[in-house]
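The block underneath contains the structure these notes are about, expressed in structure tokens.
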Amino acid sequence: MRDEVEKSLLSSDEISRRTIEMASEITRDYRGRDLVTIGVLKGAFVFLADLVRHIELPLEIDFVAVSSYGKDTVSSGVVRIIKDIDLDVAGKHILLVEDIVDTGLTLKYLIGVLRERGPASVEVCALLNKPETRKVEIDVKYKGFDLPPLFVVGYGLDCAERFRHLPYVGVLKEFEGSNETR
Ligand code: IMP
Ligand code: MG
């Protein structure tokens with residue numbers, strides 16, 4: 001399986017160092033506020049687990065699951081909530097935690113849905129960001145790494161549900177050298 005993935009894009013050490021930096025920025029910014037981190041399933045489950053363990057504040061954790069890509073690596077642009085959050089977020093500071101921001105359509109939709117529930121604020125923390133493939137503007141307040149428009153897997157990210165458990169971020173070999181994510 002690992003033969004299909006080019007290992008070198010981001011090592012688990014690089015990810016870990018950056019995650020700790022992001023967590024300390026979040027700790028600094030949210031001191032004294034009611035913080036709710038909301039992970040976007042499934043991709044953000046690894047990043048959220050590592051991130052929150054370095055945030056030195058009281059916080060709540062919830063998850064939302066959306067469907068947009070299906071089994072393909074192609075964005076359909078259609079976003080649908082499959083699993084909603086359970087927590088009441090009214091008056092609280094929401095931090096949406098994403099694995100990667102690509103077109104931005106998923107987050108645009110989720111931010112809109114969550115804003116209607118009366119939170120004190122909604123911000124985004126994403127480990128990975130692909131600025132060149134953005135279709136809608138998203139303010140990613142906490143950003144781990146900017147990537148070129150490649151399709152990446154590992155550290156929570158999948159291709160047809162595979163590779164999520166890899167401890168690093170790699171590029172699928174079939175996408176190497178390609179300038180396209182889709
Ligand atoms: P967006 O709505 O286009 O911004 O897409 C966001 C979602 O698409 C992410 O949460 C990922 O699940 C998925 N995605 C986008 N790019 C990649 C990638 O390179 N590898 C794996 N999943 C990706
Ligand atoms: Mg995702």
Side-chain angles (χ1 to χ4, degrees), residues 1-2 4-12 14-15 18-19 22 37-52 61-85 94-115 122-182:
M1 174 206 68
R2 287 173 188 229
E4 297 165 60
V5 180
E6 178 59 55
K7 186 170 173 168
S8 61
L9 200 59
L10 295 171
S11 71
S12 60
E14 287 172 287
I15 296 168
R18 187 71 190 111
T19 301
M22 296 167 87
T37 58
I38 300 179
V40 185
L41 294 172
K42 299 175 194 173
F45 83 106
V46 179
F47 177 48
L48 182 131
D50 284 343
L51 182 78
V52 293
I61 297 171
D62 209 337
F63 292 96
V64 63
V66 296
S67 163
S68 59
Y69 279 68
K71 284 205 180 93
D72 211 340
T73 57
V74 176
S75 172
S76 59
V78 177
V79 184
R80 185 166 61 92
I81 291 190
I82 300 171
K83 181 233 169 286
D84 206 336
I85 54 169
I94 294 176
L95 186 61
L96 265 171
V97 180
E98 252 290 29
D99 50 1
I100 190 164
V101 189
D102 184 16
T103 63
L105 291 166
T106 306
L107 282 175
K108 172 122 189 152
Y109 174 75
L110 281 176
I111 290 167
V113 167
L114 291 169
R115 283 222 170 106
V122 182
E123 299 289 356
V124 173
C125 174
L127 179 68
L128 307 172
N129 182 43
K130 293 198 277 196
E132 291 166 55
T133 46
R134 195 75 90 255
K135 289 183 180 163
V136 288
E137 204 182 310
I138 295 287
D139 179 20
V140 184
K141 184 164 185 196
Y142 306 97
K143 200 170 5 180
F145 301 90
D146 278 336
L147 297 183
L150 289 168
F151 197 82
V152 293
V153 295
Y155 200 74
L157 293 113
D158 74 310
C159 180
E161 296 302 329
R162 298 175 67 210
F163 311 112
R164 290 193 197 276
H165 63 298
L166 299 180
Y168 53 86
V169 172
V171 183
L172 281 186
K173 287 214 165 125
E174 60 181 296
F175 286 93
E176 265 182 306
S178 155
N179 222 16
E180 306 263 333
T181 53
R182 56 205 58 155

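Predicted, not measured: the structure shown is a model, and the values here were computed from it. Sequence positions, counted from 1, serve as the residue numbers for this chain. We count ligands from 1, going down the list as the structure has it; atoms in each ligand are counted the same way.
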- line: By side-chain hydrogen bond (donor to acceptor under 3.5 Å, both in side chains), Y142 pairs with (sequence neighbours left out) D29
query: Is it the case that more than 12 heavy atoms not belonging to K108 sit under 6.0 Å from its NZ atom?
result: no
message: What I want to know is whether L107 and ligand 1 share at least one N or O pair that is separated by under 3.5 angstrom.
response: no
query: Got an N/O contact under 3.5 Å between V153 and ligand 1?
result: no
- line: Filtering D102, T103, I100 for the heavy atom nearest atom 23 (C) of ligand 1 leaves I100
message: What I'd like to find out is whether the side chain of F47 reaches to under 4.5 Å of the side chain of D99, using heavy atoms alone.
response: no
field: Close approach, T133 and ligand 1, non-hydrogen under 4.0 angstrom
entry: no
Any R134 heavy atom less than 4.0 Å to ligand 1: no
- request: Would you please determine whether V152 falls within less than 4.0 Å of ligand 1 on a heavy-atom basis?
  value: yes
task: Would you mind listing which atoms of ligand 1 come within a distance below 4.0 Å of any non-hydrogen atom of D158?
output: 21 (C)
message: What's the separation between atom CZ in R18 and atom CG in L127, rounded to the nearest 0.5 Å?
response: 9.0 Å
- prompt: With respect to atom 2 (O) of ligand 1, which of D99, T106, L110 exhibits the smallest heavy-atom separation?
  reply: T106
message: Looking at ligand 1, would G43 count as a contact under a 4.0 Å heavy-atom criterion?
response: no
message: Quick check: closest heavy atoms across D102 and R134, and the distance to 0.1 Å?
response: O-NH1, 3.0 Å
message: Please identify which of these residues, L110, V97, I100, L48, meets the side-chain contact (heavy atoms from CB on, under 4.5 Å) condition with V40.
response: L110
- prompt: Quick one: does ligand 1 sit under 4.0 Å from the side chain of K130, the backbone, both or neither, non-hydrogen atoms only?
  reply: side chain
- line: Checking heavy atoms under 4.0 Å, the part of L150 that sits near ligand 1 is backbone
query: When rounded to the nearest 0.5 angstrom, what is the spacing between CG in N129 and CG in L147?
result: 8.0 Å
- prompt: Do the side chains of L128 and L157 get nearer than 4.5 Å, heavy atoms only?
  reply: yes
